[in-house]
Amino acid sequence: MDTHRSAKLEFAVQMTCESCAQKVRAALEGNPGVQVVNIDVGKEEVLVESALTSAEVQNLIESTGRRAVLKGIGGPGRDLGAAVAMLAGVGPVQGVVRFLQLSGEHCLIDGTIDGLEPGPHGIHVHTLGDLTQDCLSCGEHYNPFGRQHGGPGDSERHVGDLGNVVAGPDGRASFRLEDAQLKVWDVIGRSLVVDAGEDDLGRGRHFLSKQTGNSGQRLACGIIARSAGLFENQKKICACDGVTLWEERDRPLAGKGRRKTHSETPSAHL
């Protein structure tokens, strides 16, 4: 499910001069995972074609001392659809996961989730976009064909079965997955859930193995909403609370420090 297929990432980057742009370009082009870099200082815009995660590209840009915000994501060809889920839930767990339909057969899932226990965690698309009882009201795994639970590379699996993401010692899981069954247009309005434990991919002996992967408690979730593609997000000020794009950059993705209505509305976020 991991892939080296490239995607285009559009960042707003604080730059005031050509020397700033040169430092950003040098940081990006020095990484073998970056294929193309286009920089417009006047628009404070950086367009990167890369096989890296969006978090990895953002870290490269910010290693130069400039702040960056991901504004849009797109494929190498025509735009087939993009979506985003902002995750929040138990304790410090929070994150952002983006979906990009690269082709009819390839959906890219790019995300960063913080506050996890180190190790693998099951991640799934669930049927309902209902957070009235937090993650408990998201329904079961998205399973339109009535199949048993499995791993992302299996033919016998729920469409929503995305396997596991792995958190490092710092509690962060940064990942870039590709899936052949998931379609952006089918999952908008549904939910994404990350679990406390490892998904056994339907291969375990527990009675829940063929149902859920026995991955335990639902830790965090978010509604999957349509998001901006390349050059579609012209936001300079956040309409929901009037802060600038750069003030928005310094706020947490979810949880304390954000308004509840904002954190639960992915379309309002970059």
Please say yes or no: joined through hydrophobic side-chain contacts below 4.5 Å, possibly via intermediate residues, are Leu177 and Leu87 part of one cluster? yes
All heavy atoms of Gly75 vs all of Leu102, minimum pair found to be CA-CD2, 3.7 Å
Assess whether a salt bridge exists between Lys210 and Asp200, defined as any Lys/Arg side-chain N lying under 4.0 Å from an Asp/Glu carboxylate O. no
Could you list the residues that satisfy disulfide bond (SG atoms under 2.5 Å apart) with Cys138, not counting sequence neighbours? none
d(Asp154 CG, Gln181 CD) to nearest 0.5 Å is 9.0 Å
Minimal non-hydrogen separation, Met86 against Val96, with atom names: CG-CG2, 4.2 Å
Under a 4.5 Å cut-off applied to non-hydrogen side-chain atoms, are Glu45 and Phe11 in contact? no
Between Thr127 and Glu140, is there a donor-acceptor pair closer than 3.5 Å when you use the side chain of the first and the backbone of the second? yes
Scanning both residues in full, the closest heavy-atom pair of Ser137 with Asp134 reads OG-O, 3.1 Å
Between OG1 on residue Thr112 and CD on residue Gln94, distance to nearest 0.5 Å: 11.5 Å
Tightest non-hydrogen contact, residues Gln35 and Ala51, listed as OE1-N, 3.7 Å
Using modelled atom types only, decide if a donor and an acceptor are shared between the side chain of Asn164 and the backbone of Asp199 within a distance under 3.5 Å. yes
Are Arg190 and Asp130 ion-paired here, with the side-chain N under 4.0 Å from a carboxylate O? no
Do the side chain of Asp110 and the main chain of Ser54 share a donor and acceptor less than 3.5 angstrom apart? yes
Between Asp114 and Arg172, is there a side-chain N and carboxylate O pair less than 4.0 Å apart? yes
Kindly indicate, with the supporting measurements, whether the criterion side chain to side chain donor-acceptor pair (under 3.5 Å) is fulfilled by Arg67 and Gln14. CA-CA 6 Å; Arg67 289 190 294 174; Gln14 287 187 313; 3.2 Å; yes
Ile109 CD1 to Phe99 CZ distance, which is reported to the nearest 0.5 Å: 6.0 Å
Start with the C-alpha gap between Val41 and Glu18, add the side-chain angles, then the distance that decides, and say whether side-chain contact (heavy atoms from CB on, under 4.5 Å) holds. CA-CA 7 Å; Val41 176; Glu18 284 299 329; 3.6 Å; yes
Under 3.5 Å donor-acceptor, Asn59 side chain and Ala55 backbone: yes
Measure the shortest side-chain to side-chain distance between Val159 and Leu182 over non-hydrogen atoms and say whether it is less than 4.5 angstrom. yes
With the side chain counted from C-beta on, respond yes when Ile39 and Met15 share a heavy-atom pair under 4.5 Å apart, and no when they do not. yes
Please check this pair: side chain of Gln101 against backbone of Val184, looking for a donor-acceptor N/O pair closer than 3.5 Å. yes
Measure up the His124 and His141 rings against each other and bin them: parallel (under 30°), tilted (30 to 60°), perpendicular (over 60°). parallel
Do you know the tightest heavy-atom contact between Gly115 and Val93? O-CG2, 3.3 Å
Please evaluate residues Asp179 and Arg157 with respect to the criterion salt bridge (charged side-chain N to carboxylate O under 4.0 Å, His left out), reporting the C-alpha separation (whole Å), side-chain torsions for both, the decisive distance (0.1 Å), and the verdict. CA-CA 12 Å; Asp179 195 81; Arg157 54 165 274 200; 2.8 Å; yes
Whether the side chain of His126 engages the backbone of Ser191 through a donor-acceptor N/O pair (distance < 3.5 Å, no angle test) should be reported. no
Backbone of Gly163 reached by a side-chain donor or acceptor of Asp161 within 3.5 Å: no
Under 3.5 Å donor-acceptor, Arg218 side chain and Cys135 backbone: yes
Residues 20-31, side-chain donor-acceptor partners within the protein, below 3.5 Å, at least two apart:
| from | atom 1 | to | atom 2 | distance (Å) |
| --- | --- | --- | --- | --- |
| Arg25 | NH1 | Glu29 | OE2 | 3.4 |
| Arg25 | NH1 | Val37 | O | 3.2 |
| Asn31 | OD1 | Gly33 | N | 2.8 |

Test side-chain contact (heavy atoms from CB on, under 4.5 Å) on Leu219 and His121 and set out the steps. CA-CA 10 Å; Leu219 281 185; His121 296 266; 4.3 Å; yes
Atom CG of Leu100 and atom CZ of Arg176: how far apart are they, to the nearest 0.5 Å? 9.0 Å
Would you kindly confirm whether Val193 and Val165 end up in one hydrophobic cluster when ILVMFWY residues are joined by side chain heavy atoms under 4.5 Å apart? no
Within the structure provided, determine whether Ile113 and Phe175 are in side-chain contact (heavy-atom separation under 4.5 Å). yes
How long is the span from the CG atom in Leu47 to the NZ atom in Lys71, to the nearest 0.5 Å? 12.0 Å
Hey, any chance Leu128 and Leu162 share a hydrophobic cluster, counting ILVMFWY side chains that come within less than 4.5 Å of each other, even indirectly? no
Looking at OG1 of Thr212 and CG of Asn214, how far apart are the two atoms once the value is rounded to the nearest 0.5 Å? 6.0 Å
Please check if the number of heavy atoms outside Glu156 that lie under 6.0 Å from its CD is greater than 12. yes
Donor-acceptor under 3.5 Å (Glu178 side chain, Cys107 main chain): no
Val125 vs His158 side-chain heavy atoms within contact, under 4.5 Å: no
Quick one, Lys8 and Val48 - any side-chain contact, counting heavy atoms below 4.5 Å? no
Non-hydrogen atoms of Gly151 and Arg203 that approach each other most closely: N-NH1, 4.1 Å
Is the shortest heavy-atom distance from the side chain of Asp195 to the side chain of Ile123 under 4.5 Å? no
Hey, are the side chains of Ile224 and Val84 touching, using non-hydrogen atoms and a 4.5 Å cut-off? no
